[in-house]
Each structure stands twice: as C-alpha cells, then as structure tokens.
Amino acid sequence: MSTPTGSKTAPIPYGRHSIADDDVEAVVEVLRSDWLTTGPVVPEFERAFAGAAGSSHAVAVSSGTAALHAAMHALGVGPGDEVIVPPITFVSTANCAVFQGARPVLADVEPDTLLVDPEDVERKITPRTRAVIAVDYAGHPCDYDRLDEIAYRHGIALVADACHSLGARFKGRPVGSLARVSAFSLHPVKAITAGEGGVVTTDDPTLADRMSRFRNHGISLTARDREARDTWIYEVTDLGYNYRITDIQCALGLSQLRKLERWTERRRQIARRYDEMLRDLPQVEPLAVRPWAEPAYHLYVVRLNLPTLRVDRGEVFRRLRARGIGVNVHYIPVHLHPYYRERFGTGPGLCPVAEDAYERILTLPLFPRMTDADVERVAGEVIAVLGECAR
Ligand SMILES: *Cc1c(COP(=O)(O)O)cnc(C)c1O
C-alpha cells in the first residue's frame, strides 16, 4: 500500500510519510560529515524540537518506546509501583512501566473521545501509584488541567504519551509543555519522521539530565564531549541503555520539523472535509473534539453505529480494503492482549467503554500528501459501503 496518491484506483494507505529533496540533502550532508551518531545535529534538533513543543528541554532517543521508557526511569518508577494507563493505545504506553518492573493499571476512556477518563484515573489511584500516562489518542490532547490537578493532589507524576499529538494545542498551549514529561515518536506514520526515533520533553533540568544519560548507558559524558576535552575518562553514574539517535536521523528530523505547521494545517483541513462529508451519515460518528482542543489529527477515527448496520466492523473493514481504502483499527485494547492477560490477569470486563469502542472503531486514511481527490474518494467509498451494509 505504498503507492503515491493522485491515482483514481491505487490503494490509499491510512498514513504515510512525506520525504522531499531537502530532506534527502540534509541527510546526505551528515553522511559526508565527521559525525554519524551523537554529533552536533542531535542537540540542534533537540533545541528546535523543544521550541516547537514549548518546553525547556528535549532529549532525542531511538524511538517513541525508548522515550516512554526514559520517562519512567527518570521519574524513578520501579518494582512495586503502579502506573495508570488507558487501554486504547499502542502497547508501548503500558510496556514502558513493565520494563521498569512496575505494574500497569488500566483506566477506562471517555466514550466520545476515547481519551483516558480523569474520573476513572482518580478511582484507580492507590498508595502504590507512581505515575499516570495520558495518551493524546488520534492527536487530540487530553484534559491536562484536570489530570494535572488530580496528579498534583495525589502526589503522582503526569506523563503525556504525545506520540500522536505533535503540533496539537490544549487551550492554546503546545503539546510537549503540558505534563512533567512528554514522549513523542518519529516513526514514519507519525507527524514528522526520522526513520525511527523519539523525543522526550520536560521543563525539569534534573529529569532532562537523567534521560540524556539513560539513552547512553548511564554515562556522564558523550564520546563527543570526551573528544572535545581530550580525555578518556567517563563515569557510569546510573543504569542506562543504548537508546541513542544518530545525527543522520536528526538531520531528517530537523528538516521535517520545518514543515510541521504546514502539515498539521493540512491534516486539519482533511479532517474538516471528512467531517462535512460524513456528517449526515447515520451509520458513522467521528470522535468528539473538545472546545479547548486544537487536535493534530494523527488519525481520523470514526465509530460505526452498529445497530444501523447488517454487518460487523470486520466486514466494513474488508469491503473498504477491497475498494483500495487502507482503513485500519487503532487499537486492540492493551488488556486484551495475551501477554497482559497471562502476566497481569487482565481480560474482558476491565474497561467496558474501551471494549465497546474497540468493536466499532475504524481509522480512515489521513496524511498531508493526500490530495483533495483522495479525500473525496475515501469518503465516497465509505458512504457507498455503509449504504450497502445499512439495515
Ligand atoms: C507510535 C507510538 C508509540 C511508540 O513509538 P515508536 O517510535 O514506534 O516506538 C507509543 N505510543 C503511541 C501512542 C504511539 O502511537
């Protein structure tokens, strides 16, 4: 499903990166330079990213998963601790707590946005709760004022899994500045890409320092620092991993970051067009948007109104795929995966709102390079398939 769009019949994927000549040139320039990994481009990218995210510090790492893991480590999450996460997310959100020996505790989502329900977060807090990870599902920021108030009152850390929401705003403030630590992904389907990569942002210099050592084996100086100081001496001051990102990747990330605003605007335009075209269709309902949110639309998710259909979501999915529309499903709830069932005894019934939503959700294609004709074609096929399947 990697064919460029514009064709009337080629399959349209649900998401796709955009690479232009300037991206290629930026990468080639680094390939010809002295540093391939941790050189001058990593900090340059971090400064630019912190600017876009409205935070004092940004630490770039090898993936969004590494970013979440770094956040858990820096906050001191460990064995015996609990970390509250929503089930409608990519599994890394919960895995990062498990990496640290902690227990993920599922809090259900709100039915209209599929964002974590602050009231259920509060219900799930115990004396062992160390952190809550809010997921800006589909690119819609969570209610950070309410979550922050709850976290503050209970003395726990608020972390944002902002892997969907780079470019989004909450009450005018950019995502990346709304929680103690925010984690981003630079995977090709996300807002901007570095091939693979991730970033953590924070205003806390101590956390930033811990996270930057964590990505480099817990070592106090990088190879480049040692070179500059003419010394072989370094100290391992903490446990760490090799979660480094390369200068090659950061060159791509930096070049992509310049396009973020334009791309976010295009994503919003496409979402508005879908809203208009699907508005009068009784068989689907888009996710709700809160008045204080300016979403980034990483995903455009609709909920099927199953009682109006003769078929289930699987059949709608297959019929759209057969027509070349690369619909997808985000996500199978975390607590229904075999690993979580076996290790933590989770299963159906734990988060009824998420489980009901999971049966009905469908992600429609949305990425900045889609043409207006692509958008019309997707909406047209959705209307046709739902017409075929209507009761
Ligand atoms: C993509 C994603 C991640 C993981 O990012 P990677 O870069 O693929 O490791 C984590 N959480 C969410 C919500 C994501 O969408």
Side-chain angles (χ1 to χ4, degrees), residues 13-17 45 49 53 58-73 83-100 104 106-107 109 113-116 131-142 147 158-168 175-176 178-179 181-201 211 214-215 241-246 249-250 252-253 256-257 267 287 295-301 328-335 337 340 354 357-358 361 363 366-367:
Y14 87 87
R16 185 172 158 75
H17 59 269
F45 173 63
F49 197 97
V59 176
V61 293
S62 54
S63 70
T65 305
L68 287 162
H69 189 185
M72 293 295 101
H73 170 83
V83 177
I84 298 175
V85 301
I88 301 284
T89 185
F90 185 63
V91 72
S92 296
T93 315
N95 284 353
C96 69
V98 184
F99 296 160
Q100 290 295 104
L106 281 301
V109 294
T113 59
L114 306 189
L115 299 174
V116 74
V132 50
I133 307 180
V135 177
D136 297 336
Y137 177 68
H140 188 302
C142 294
L147 289 167
L158 177 59
V159 175
D161 180 339
C163 289
H164 290 187
S165 58
L166 178 61
V175 162
L178 305 165
V181 184
S182 305
F184 297 87
S185 167
L186 306 172
H187 181 277
V189 298
K190 304 293 165 71
I192 64 164
T193 189
E196 292 274 4
V199 183
V200 262
T201 60
M211 294 190 290
F214 184 69
R215 76 175 155 187
Y241 292 74
N242 179 353
Y243 278 164
R244 290 187 304 262
I245 191 167
T246 63
Q249 291 166 292
C250 285
L252 180 53
Q256 294 253 305
L257 196 55
R267 285 179 179 275
L287 293 180
Y297 290 103
H298 167 57
L299 304 173
Y300 189 89
V301 176
N328 217 320
V329 174
H330 297 93
Y331 293 91
I332 300 170
V334 168
H335 63 287
H337 284 295
Y340 278 88
Y358 168 62
I361 47 179
T363 303
L366 198 172
F367 51 96

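All ligand and atom numbering here is 1-based and tracks the order in the structure. FYI, side chains are in, hydrogens and waters are out, and symmetry mates aren't considered; it's all heavy atoms of this structure.
Atom 13 (C) of ligand 1 has Asp161 OD2, 3.4 Å as its closest protein atom, hydrogens excluded (heavy atom only). Ser185 OG, 4.1 Å is the protein heavy atom nearest to atom 8 (O) of ligand 1.
No donor-acceptor pair under 3.5 Å is formed between the side chain of Arg215 and the backbone N or O of Ser62. No donor-acceptor distance shorter than 3.5 angstrom exists from the side chain of Tyr340 to the backbone of Pro333, with no hydrogens or angles considered.
Annotation: side chain of Val61 is not in contact with side chain of Val199 (no heavy-atom distance under 4.5 Å). The closest side-chain heavy-atom distance from Thr93 to Val334 is not below 4.5 Å. For the pair Leu299 and Tyr14, the minimum side-chain heavy-atom distance is below 4.5 Å.
At least one N or O atom of His164, backbone or side chain, sits closer than 3.5 Å to an N or O atom of ligand 1. Between Leu68 and ligand 1, a contact under 3.5 Å exists for no N or O pair. The shortest N or O to N or O distance between Thr65 and ligand 1 is below 3.5 Å.
Under a 4.0 Å heavy-atom criterion, His330 is not in contact with ligand 1. In this structure, Phe184 falls outside the shell of residues with a heavy atom less than 4.0 angstrom from ligand 1.
Looking at Lys190 against ligand 1, only its side chain comes within 4.0 Å, counting heavy atoms.
Ring-centre distance between Tyr241 and His73: not below the 6.0 Å cut-off.
Judged purely by distance below 3.5 Å, without hydrogens or angles, the side chains of Thr193 and His17 never pair a donor atom with an acceptor atom.
The ligand atoms of ligand 1 that sit less than 4.0 angstrom from a heavy atom of Thr89 are 13 (C). Distances below 4.0 Å separate heavy atoms of Tyr331 from the following atoms of ligand 1: 15 (O). Close approach of ligand 1 to Ser63 is summarised as follows: ligand atoms under 4.0 Å from at least one heavy atom of the residue are 7 (O), 9 (O).
Across Cys163, Gly64, Cys96, heavy-atom proximity to atom 12 (C) of ligand 1 is greatest for Cys163.
Relative orientation of the Phe49 and Phe184 rings is perpendicular, given thresholds of 30° and 60° on the angle between their planes.
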